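Sharing a structure with you now.
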Amino acid sequence: MYLTYGKALESAIQEILKQPPYQIDDIAALAIEQPPKIEYGEFALPIAFELAKRLKKAPRKIAEELAAQLRAKNIEGFSTFEIAGAGYINCKLDRCTASRDIASGRAKRPVPKAASSGVNHIFNPFILVEHTSINPNKAAHIGHLRNAILGDTLVRMMRVGADGKTKNIVGVQNYIDNTGVQVADIVVALTHLEGMNLAGVQQWMESLRKRGERIDFVCWDLYARVSQWYEEDPAQKEARKKIRMDTLHALEQGGNEISGIAELVSTAIVHRHLETMERLGIQYDFLPRESEVLRLHFWDAAFALMKKTGVLYREEKGKNAGCWVMRRAGTAGATDDGPDEEAKIIVRSNKENPDADGPVTYVGKDIAYHLWKFNKLGLNFSQKNFYTYPNGHECDISCLPDEKDPSIGPSHFGKAEVIYNVIDSRQTDPQNNVIEALRGMGFAEEAKNYHHFSYEMVALTPRCAEELGYALSDEDKARPFIEVSGRKGFGVKADDLIDRMIEAALGEVTARHPELDDATRTNIATKIAVGALRYYMLRFTRNTIIAFDFKDALSFEGETGPYAQYAAVRAANIFRKAEQSNDPLLQNAQTLADEQYSKAMQHILGELSIEETILKAYSSSHWNVAPFFSGEEGDSIWEVWLAASKTAPIIDQAIRTTEPAFLAKYVFQLAQQFNNFYHRHHILTEADPARKALLLATAAVALRELTRALGWLGIEVPEVM
RNA sequence: GGGCGAGUAGCUCAAUCGGAUAGAGCACCGGCCUUCUAAGCCGGGGGUUGUGGGUUCGAUUCCCGCCUCGCCCA
């Protein structure tokens, strides 16, 4: 709603500027701000400052002239235009009209702009988001949580769309590198440290299952052990490195005992990762695997295409002689003086046979994979069901085609128009290489629609690391943070953190609601823990390194998810109580709402909730609420409405900038406004019916918007807290 | 050596396209539970926005130099 009024104001001022005496039509983006204080109004125009230069006139004088013209226009919903400071035009809304608009949820939606982001198209594109992508060789840790929560929140926001209503088609992928060196390491650990063969691994996994031990946790330690094993004995270092490489090659080759072990273990760990993420409400549609990228020869097709389009050339001289390389963006490239030493190697040289090609690099495989995403490769994965979520949603996994198996069919994912890859900022360089390669192959549109959704890592504070029992050097102790390392087994496992948070929340719930049964309390505690964790990972802007700290993460007070959940629960309590006491105002509201919202509609769309009833009634009511909106008291009520009207522009901003932290901040601010209001005004004991209606509608609008906004963040509102 | 990011209150972080008195939370101090839930509310102290220049009506924001830290590439 805030957006709608802003647009109306903007077009009004543009119209005035186009007329004499100004005749200005080259101000593309008109700045509209919010004044620092509510009593100054809802919008501020600093336009006079800009015009002062052109017109060589005092800004205040210009502002006065413009304000007079704005007043003459009688813009719907606006009441006054005043001059403040050196030349701001402060615009005030008519609070009665505006609040009824906000209550109705009626958006007089402006025509959507052609979006550069590719998200707002009238014909919605197929958007493919890829996130999580954990190596399937160990348990998920806090760094992976940030990735998955950011990715999932982006998906939730985009599925609904910037205007809060449009449904976009967004697919969610979780890429599984099941033939990489990290999986090879875990296989080495099992075969060489534990001395198991394929049958032994099968037995071992069966015994883990019986004991209820989590394989990803066991592998966490195993992975740390094998990483150490490679290094610990200088005499054995070369031999062990060879074991590692041989294992990796066998794994890439497939169809042998080593790859069989890898398949078993990595698949079980992928299952664990899905379960972990599901605890936070995160689900996937498709799991493309590296093994199929290899078996289906994606790279060969991409290699041919890259040669054909001249993106790759074989370097004859210098240190990269014998390699297929690609020029990096922003570098000079090869000159007469010599080879391009800065070029990115895509295919390594072959040490045994200089005329043949060596192994392809990771970026090379990634280029092939991204050609598939944009349907430019001419090859496709097959897929089969991998996991069915409790809500019935199915997650598929890549596989080889098999005509005899009717459950296997071609993947329908490799036809994205817009992609988002949620990958931490350390991968910026390789991501840019992929984009550059696409552009070089002539896929300019695809390169433009390729978004590296980058974010900084989650690290541990030195205090937290010591708390976890890691010995730190003096150098490390002096650092602001310490990087999480899977190879060192150094980090906080996702499941452990979630368990701790649920436990902490359960303690609070039990203290407050001893009358509830165990299952109910656990259910509520889980929602609170998820709210706290998701909010914690979203409250920081993307390029802020999170120095993880248990104290902050386990906090349920202040700027946290539970703070916002609590505000919503308190609002909901008002309506529960009102309903229980058969509040006469509710009866009145019901009648009014029924007039607005025919029985037939109710039949189709379901019963209105009590707060929706209030809002429906309020939006068309005869109650004279104008007196209650004035003065300082009125300001405190109006602030809730104003905050609640901003959901749509905030969502728009969060999608446009791919910055979920904006939405998180907004949720907190709205909750703060509501808590403030809640404390100041006692609603159910209000004697004046009109004022009571306004107060109820205020609580209702806060509840509605809090619930919506929390929903985008993947945070549910518990029944009680 | 090159590229990218960061430096804001004791701590952790915000700050829209360059706007009004740089905001929150935590921690600390002092108040508020007989009311719709105190996971809350109110009040208080706490700032040369790393540093030196520049651009202008106005700079945390843009430009240049320097310092410190992190990441990536070679």
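All values below were derived from every heavy atom in this structure, side-chain atoms included, with hydrogens, water molecules and symmetry-related copies excluded. We name chains A, B, ... by the order of the sequence lines, and we start the count at 1 in each one. Since the structure is predicted, the reported quantities are computational estimates derived from the model, not experimental observations.
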Just the rounded figure in Å: distance from P of C13(B) to CG of Asp549(A).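 Between P of C13(B) and CG of Asp549(A): 10 Å.
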Counting only side-chain heavy atoms from C-beta out, which of A20(B), U37(B), A15(B) sits nearest to Phe662(A)?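 Of the options given, the side chain of Phe662(A) lies nearest A15(B).
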Listed partners of Asp635(A) passing side-chain hydrogen bond (donor to acceptor under 3.5 Å, both in side chains), at least two apart: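 With sequence neighbours excluded, Asp635(A) shows a side-chain hydrogen bond (donor to acceptor under 3.5 Å, both in side chains) to Arg95(A), given in chain and number order.
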Do you see a donor-acceptor pair shorter than 3.5 Å between the side chains of Gln34(A) and Lys646(A)?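 The criterion, which ignores hydrogens and geometry beyond distance, is satisfied for Lys646(A) and Gln34(A).
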Rounded to whole Å, please give me the gap between CZ in Phe668(A) and C1' in A39(B).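 The answer, rounded to whole Å, is 12 Å.
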Select one nucleotide: of A6(B), A20(B), C36(B), the one nearest the side-chain heavy atoms of Asn543(A).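 Nearest to the side-chain atoms of Asn543(A), counting from C-beta on, is A6(B).
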A correct 5'-to-3' footprint of nucleotides 69-74 of chain B, with B, S and - meaning base, sugar-phosphate only and no protein heavy atom under 4.0 Å, is -SSSSS
Expressed as a whole number of Å, how far does the P atom of U35(B) sit from that of U16(B)?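 Result for the P pair: 43 Å, nearest Å.
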A correct 5'-to-3' footprint of nucleotides 26-34 of chain B, with B, S and - meaning base, sugar-phosphate only and no protein heavy atom under 4.0 Å, is S--------
Looking at Glu716(A), I'd like to know if its CD atom is crowded, meaning that more than 12 non-hydrogen atoms belonging to other residues, nucleotides or ligands lie closer than 6.0 Å.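 Open.
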Regarding Asn432(A), tell me which of base, sugar-phosphate or nothing describes its non-hydrogen contacts under 4.0 Å with the strands shown.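 No contact.
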With centres under 5.5 Å and planes under 30° as the test, does Phe540(A) stack with C13(B)?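 The base of C13(B) is not stacked with Phe540(A) (the test needs centres under 5.5 Å and planes under 30°).
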List for me each residue that meets side-chain contact (heavy atoms from CB on, under 4.5 Å) alongside Tyr678(A), sequence neighbours excluded, and say none if there are none.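 Per chain and number, Tyr678(A) pairs via side-chain contact (heavy atoms from CB on, under 4.5 Å) with Arg570(A), Ile574(A), Phe674(A).
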Are OP1 or OP2 of C41(B) and a side-chain N or O of Asn676(A) less than 4.0 angstrom apart?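 For Asn676(A), the contact criterion (side-chain N or O under 4.0 Å from OP1 or OP2 of C41(B)) is not met.
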Taking only N and O in the side chain of Gln669(A), is any of them less than 4.0 Å away from OP1 or OP2 of A14(B)?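 No, Gln669(A) has no side-chain N/O under 4.0 Å of OP1/OP2 on A14(B).
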On RNA chain B, check which nucleotide each of Ile32(A) and His513(A) is closest to and give me the residue with the more 5' one.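 Looking at RNA chain B, the more 5' nearest nucleotide goes with Ile32(A).
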Tell me whether the OP1 or OP2 atom of G40(B) has a side-chain N or O from Asn675(A) closer than 4.0 Å.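 It does not, given that no N or O in the side chain of Asn675(A) lies less than 4.0 Å from OP1 or OP2 of G40(B).
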Which residues pass the ring-ring contact (aromatic ring centres under 6.0 Å, His included) test with Phe548(A), not counting sequence neighbours?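 With sequence neighbours excluded, Phe548(A) shows a ring-ring contact (aromatic ring centres under 6.0 Å, His included) to Tyr536(A), Phe550(A), given in chain and number order.
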To the nearest angstrom, how far is Glu50(A) atom CD from U56(B) atom P?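 Checked: the CD to P distance equals 16 Å.
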Quick one: which residue pairs count as a side-chain hydrogen bond (donor to acceptor under 3.5 Å, both in side chains) with a foot in residues 689-704 of chain A, not counting sequence neighbours?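 Found Asp583(A)-Lys692(A), Glu633(A)-Arg691(A), Trp641(A)-Thr698(A), His681(A)-Arg691(A), Glu686(A)-Arg691(A).
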When you check the phosphate oxygens OP1 and OP2 of A14(B), does a side-chain N or O of Thr544(A) lie under 4.0 Å from one of them?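 Indeed, a polar side-chain atom of Thr544(A) lies that close.
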Please state how far atom CZ in Arg539(A) lies from atom C1' in A14(B), giving the value in whole angstrom units.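 From Arg539(A) CZ to A14(B) C1': 10 Å.
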Taking the same atom, P, in A22(B) and in U48(B), what whole-Å distance lies between them?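 Between the two P atoms, the distance is 13 Å.
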I'd like the P distance from A39(B) over to U34(B), given in whole Å.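 Nearest-Å result for U34(B) against A39(B) at atom P: 15 Å.
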Applying a 4.0 Å non-hydrogen cut-off, can you work out what Ala44(A) is touching in the nucleic acid: base, sugar-phosphate, or nothing?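 Base, at least one base heavy atom under 4.0 Å.
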Taking G23(B) as the reference, what is the distance to G46(B) when you measure between their C1' atoms (whole Å, please)?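 Comparing C1' positions in G46(B) and G23(B) gives a spacing of 14 Å.
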Check this for me: Arg487(A), atom CZ, are more than 12 non-hydrogen atoms of other residues, nucleotides or ligands nearer than 6.0 Å?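 No, the 6.0 Å shell around CZ holds no more than 12 heavy atoms from other groups.
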Pairwise salt bridge (Lys or Arg N to Asp or Glu O under 4.0 Å) hits with a residue in residues 664-673 of chain A, at least two apart: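 As it turns out, the salt bridge (Lys or Arg N to Asp or Glu O under 4.0 Å) pairs with a partner in residues 664-673 of chain A, which skip direct neighbours, are Glu559(A)-Lys665(A).
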Based on the glycosidic angle (syn within 90° of 0, else anti), state the conformation of C41(B).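 C41(B): anti.
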Say we look at A59(B) and C64(B): how far apart would their C1' atoms be, to the nearest angstrom?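 Here A59(B) and C64(B) have their C1' atoms 15 Å from each other.
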Can you find a side chain N or O atom of Tyr563(A) that sits less than 4.0 Å from OP1 or OP2 on C41(B)?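 Indeed, a polar side-chain atom of Tyr563(A) lies that close.
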Could you give the NE2-to-C1' distance, from His681(A) to C42(B), as a whole number of Å?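 In whole Å, C42(B) C1' lies 14 Å from His681(A) NE2.
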By side-chain hydrogen bond (donor to acceptor under 3.5 Å, both in side chains), which residues pair with Tyr40(A), not counting sequence neighbours?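 Residues passing side-chain hydrogen bond (donor to acceptor under 3.5 Å, both in side chains) with Tyr40(A): none at all.
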Counting only side-chain heavy atoms from C-beta out, which of C36(B), U37(B), A20(B) sits nearest to Tyr566(A)?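 Closest nucleotide among those given: U37(B).
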Expressed as a whole number of Å, how far does the P atom of C26(B) sit from that of C41(B)?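 The answer is 9 Å between these two P atoms.
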In whole angstrom, what separates Tyr536(A)'s OH from G25(B)'s P?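 After rounding, the gap between these two atoms is 18 Å.
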Inspect the contact between Glu483(A) and Arg426(A) and indicate whether a charged nitrogen and a carboxylate oxygen are less than 4.0 angstrom apart.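 Answer for the salt bridge query: yes.
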So Tyr563(A) and Phe668(A), ring pair (Phe, Tyr, Trp, His ring centres under 6.0 Å) or not? Walk me through it. CA-CA 8 Å; Tyr563(A) 176 93; Phe668(A) 174 63; 5.1 Å; yes
Using atom C1' in both nucleotides, what's the gap between G47(B) and C13(B) to the nearest angstrom?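 Between the two C1' atoms, the distance is 15 Å.
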For RNA chain B, produce a single dot-bracket line, 5' to 3'. Pairs: Watson-Crick or G-U wobble, both distances under 3.5 Å. Symbols: ( ) within strand, [ ] crossing, | other strand, . unpaired. (((((((..((((.....[...)))).(((((.......))))).....(((((..]....)))))))))))).
Between A15(B), U21(B), G25(B), which nucleotide has the shortest distance from any of its atoms to the side chain of Lys37(A)?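 The nucleotide sitting nearest to the side chain is U21(B).
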Could you list the residues that satisfy side-chain hydrogen bond (donor to acceptor under 3.5 Å, both in side chains) with Thr541(A), not counting sequence neighbours?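 side-chain hydrogen bond (donor to acceptor under 3.5 Å, both in side chains) list for Thr541(A), sorted by chain: Thr544(A).
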Quiz item: Arg512(A) side-chain donor-acceptor pair to A39(B) base, under 3.5 Å: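 Side chain to base: pair found, below 3.5 Å.
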Sequence-distant partners of Thr80(A), side-chain contact (heavy atoms from CB on, under 4.5 Å), two or more places apart: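 Partners of Thr80(A) by the side-chain contact (heavy atoms from CB on, under 4.5 Å) criterion, ordered by chain and then number, come out as Glu82(A), Lys92(A).
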Over how many whole Å does the gap from Ile546(A) atom CD1 to G25(B) atom P extend?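 Interatomic distance, CD1 of Ile546(A) to P of G25(B): 20 Å.
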Considering residues at least two apart in sequence or located in another chain, which fulfil the side-chain hydrogen bond (donor to acceptor under 3.5 Å, both in side chains) criterion with Arg521(A)?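 For Arg521(A) the side-chain hydrogen bond (donor to acceptor under 3.5 Å, both in side chains) partners, ignoring immediate neighbours, are Thr510(A), Asp518(A).
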Syn/anti state of C33(B) by chi, 90° boundary around 0: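 That one's syn.
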Rounding to the closest angstrom, what is the interatomic distance between G50(B) and A9(B) at atom P?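 Result for the P pair: 8 Å, nearest Å.
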Any chance CZ of Arg60(A) has more than 12 other-residue heavy atoms, nucleotides or ligands included, within less than 6.0 Å?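 Check passes, neighbour count above 12.
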Give the rounded distance in Å between these two atoms: OH of Tyr535(A) and C1' of C13(B).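 My rounded result for the distance is 11 Å.
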Earlier contact from the 5' end, RNA chain B, for Phe43(A) and Ile574(A):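 Between the two, 5'-proximity favours Phe43(A).
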